[in-house]
Amino acid sequence: MNVADVIVDVPTMQTNTPYSYLIPDDLKGRLETGMRVVVPFGNGNRKVEGFVVGIGNLAQDKTTTLKSISSIMDLSPVLNNELIKLSSWMANKTYSFQISCLLTMLPSVMKAEYSSTVELIGEIDDKSLANRFKKQQVIPFDEDHFSKAEMAKLSDLKKRNQIKMTYHVQNKAKPKTELAILNQITDFAEVTQEISKNATAQIKLLKLLQKFPDQPLIQRKIVNENAISISAINNFVKKGFVKKIRVEKYRNPYKHQIVLNKPKKLNSDQQIAVNKVDRAIAQHHDRVFLLEGVTGSGKTEVYLQTIQHAINDKRQALMLVPEIALTPQMVGRVKNRFGSQVAIIHSGLSNGEKYDEWRRINQGEAQVVVGARSAIFAPLKNIGLIILDEEHDASYKQDDNPRYHTRDVAIWRAAYHHCPVILGSATPSLESRARAEKGVYDLILLPNRINQQSLPQVTIVDMTQEIEKHGDIFSTELLNDLKQTINQGNQVVLMLNRRGFSSFMLCRDCGHVLMCPNCDISLTMHLDSHTMKCHYCGFEEAIPNICPVCHSKNIRYFGTGTERAAQQLEKLIPEAKILRMDVDTTKRKGAHENILRKFGNHEANVLLGTQMIAKGLDFPDVTLVGVLNADTGLDLPNFRASERTFDLLTQVSGRAGRSDKNGKVIIQTFNPDNYAIKLASTQNYEKFFQKEMELRHLADYAPYYFTIKVTISSLSEHQAAKEAYQVSNYLKGNLEKDTIILGPTPRPIARVKSRYYYQIIIKYKRDQNLDQALKHVQQVSQKEIRKGLRIAIDPEPVNFM
DNA sequence: AGCACGCCGACT
DNA sequence: GTCGGCGTGCTC
């Protein structure tokens, strides 16, 4: 056991494989698989972080001389075998580097920080450079801190050994540690002879060591629990019988004095669902259940009770929710049921807090983990149940490398742990629902709202008939209902899926539309910040008074965002007290909770927001929901546009009438006959599913075909286009005949952050050559990649912009 | 990624 | 003639 296989933190195609390192004697016995290490890599004395993925003996046929591991970064492993296996599966499945997968599975503080220093050894004649070394011989090396001439001088000095570069790998993850001792004795009989008979403390310590010869013993515990003094321990250190080391300090699992909520009584549908899942938990069966329940049907109670069963079975539960549904309301329900056994991972935690929570889970102190996408990698060791709430939600797909889908990872982990998965939704993804149809998943229906509440009454308002009357935002019907609801003391949720005040500026004289200088997208006006903003790259500039092209004063702003809607509504209904909730008002930490708390306390009667208000909110006094423009998602260049619209409308409608009061929903649209809008108004998922399946079948899209999006981008449009055609030609020549290749085409928003994007869509049912062809593409384009080209391979993309 | 090696153009 | 530009290969 003298060699460790290490995945190094060098994310490239060529280094995407384990490298072998010798384990130096002083690290033997301490190094374990799953630990992070610092290793030398490449020329000079460059050091990088790496993950030990295996320990073994040096293969006989290895002729290369191996380098040695420099140091260990962790006191105990941060990865178990399951997660190491998962990372390699994931890398393969998402066409990404294993190191990227490993790093996304862990809290961000585990990614090392790199820096380097230069030490002056000889003399330098260069004046400016000599100045830098005036105060000290060792200075930090930062490439853009030195001029080009100085850099040249430095590399020259280095060649002549006049300076020395040192590379540092900083570990940002600093768990609390405490002193422990590690046994060094091999022959206990011999040592026993050596110790004087009246040294009682030493004899006691020796016996303790003999009992646990291989594990570190915590000094504090030896002193407190065995009544052995520190001086006896230090004596042993002097004699070389033990070595002092630092080990991670384990938190005391605190017992929370919290009144736990009792399980609620289930209706018969819920009971059937719970029973089915329970059976799978008990039988260690990795079954996938699709729990399809209308909004308000009590899915959460099913989750909570099945989680309880996993715990009763001495196993753990993992519950995933979309980030925006991770509201205090939802978290509260889980915490109140399971108390201190719950770990919550949400975006509001600082990196340090996330690390603490992660360690708690890793130490086995949490039995239930709740979190958004990345929580699927929680280091639970004995999972009995995995839940994906709102399984259709787009946020479950990671939009950059590694482009994994949480659902796939969940199913992989469930298979590993032999436990069931619940995919819950009122509007399942077509893929999941189709799988349930085929019997791959087990379909469980919750067709009724709990307590026999009726679904809210939904009215579709045709805005093409309304536009003349009140500007273009509020229809007469919605205004009347708003007034009525507010006067009755009830509350309203209004959704407008567009941020800002106006979505674009148009010059009436020359037709110029103000665009982002870095992206092919118009700038949105924000009154809050008095700027024109780009929603893609964050560019901001002052709001112009005149057209920047023809200098005409005749400029107008079009398109309505949440800001303008709020302003208009204040004018139209003065008694409306409005809370606005969108990316702009929730940026600050805790702002999200704040807004919802205020709304819950009736400090406002209208909650106006973007799609982030559609999910999970449960306010009993909301009796009216208004969708100001149901069309925003419909014309996106995405084959899931209808699905998204149906989902969004169904979700937001579900916010109305959740207690004993009846709810009403008004959907304003310019496409009153659109099937997604019509069917959402009756919450008819089944019919929508049938209709959408027909269309997907006709257009050869999911779930009938798998999709892969290949995006080629570069700062040079020419390079991107050229390479895109080369890639597409290669694929056309190497994929099977019934695989469909669309493109290359410029992406719908062809330029973002000054990069030009081309994309190719591959649609296939089964293609044996696909994997190899795509890997070939990644391999072959290395040259272009060096010149700034990027190739992103995205299996089952959710975003086409 | 980061470094060395090696091959070509523009300069004291 | 040499210096240094960048294209290419390699890292246990």
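Numbered from 1 within each chain, the chains take letters A, B, ... in sequence-line order. Computed from heavy atoms alone, side chains included, the values below leave out hydrogens, waters and symmetry copies.
- Residues in residues 782-801 of chain A take part in these ring-ring contact (aromatic ring centres under 6.0 Å, His included) pairs, two or more places apart or across chains: A:Phe639-A:Phe800.
- Note that the first and last nucleotides of DNA chain B, 5' to 3', having any atom under 4.0 angstrom from a heavy atom of chain A are B:dA1 to B:dA4.
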For nucleotides 3-10 of chain C, tabulate all protein N/O to nucleotide N/O atom pairs closer than 3.5 Å, reporting atom names and distance.
| unit_1 | atom_1 | unit_2 | atom_2 | d |
| --- | --- | --- | --- | --- |
| C:dG9 | N7 | A:Arg786 | NH2 | 3.4 |
| C:dG9 | O6 | A:Arg786 | NH1 | 2.8 |
| C:dG9 | O6 | A:Arg786 | NH2 | 3.1 |
| C:dC10 | N4 | A:Arg786 | NH2 | 2.8 |

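- When the side-chain hydrogen bond (donor to acceptor under 3.5 Å, both in side chains) test is applied to A:Thr707, no partner is found at least two apart in sequence or on another chain.
- Here A:Pro40 lies in heavy-atom contact (under 4.0 Å) with sugar-phosphate atoms only.
- With a 4.5 Å cut-off on side-chain heavy atoms, A:Ser108 and A:Lys354 do not count as touching.
- Within the nucleic acid shown, A:Phe97 has no heavy atom closer than 4.0 Å to any nucleic acid atom.
- Within the 4.0 angstrom heavy-atom criterion, base atoms lie near A:Phe41.
- Legend: residues meeting side chain to side chain contact (heavy atoms under 4.5 Å, CB included) with A:Asp408, ordered by chain and number and at least two apart, are A:Trp89, A:Lys93, A:His405.
- With sequence neighbours excluded, the residues satisfying side chain to side chain contact (heavy atoms under 4.5 Å, CB included) with A:Ser115 are A:His168, A:Gln170.
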Acceptor/donor pairs from residues 740-751 of chain A side chains to any protein atom, 3.5 angstrom cut, sequence neighbours excluded:
| unit_1 | atom_1 | unit_2 | atom_2 | d |
| --- | --- | --- | --- | --- |
| A:Arg747 | NE | A:Ile749 | O | 3.4 |
| A:Arg747 | NE | A:Met801 | O | 3.2 |
| A:Arg747 | NH1 | A:Met801 | O | 3.4 |
| A:Arg747 | NH2 | A:Met801 | O | 3.4 |
| A:Arg751 | NE | A:Asp520 | OD1 | 3.2 |
| A:Arg751 | NH1 | A:Pro517 | O | 2.8 |
| A:Arg751 | NH2 | A:Pro517 | O | 3.3 |

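- Checked against side chain to side chain contact (heavy atoms under 4.5 Å, CB included), A:Tyr114 has the following partners two or more places apart in sequence or in another chain: A:Asp9, A:Val48, A:Glu49, A:Lys111, A:Ala112, A:Val169.
- Here A:Asn43 pairs with nothing under the side chain to side chain contact (heavy atoms under 4.5 Å, CB included) rule; sequence neighbours left out.
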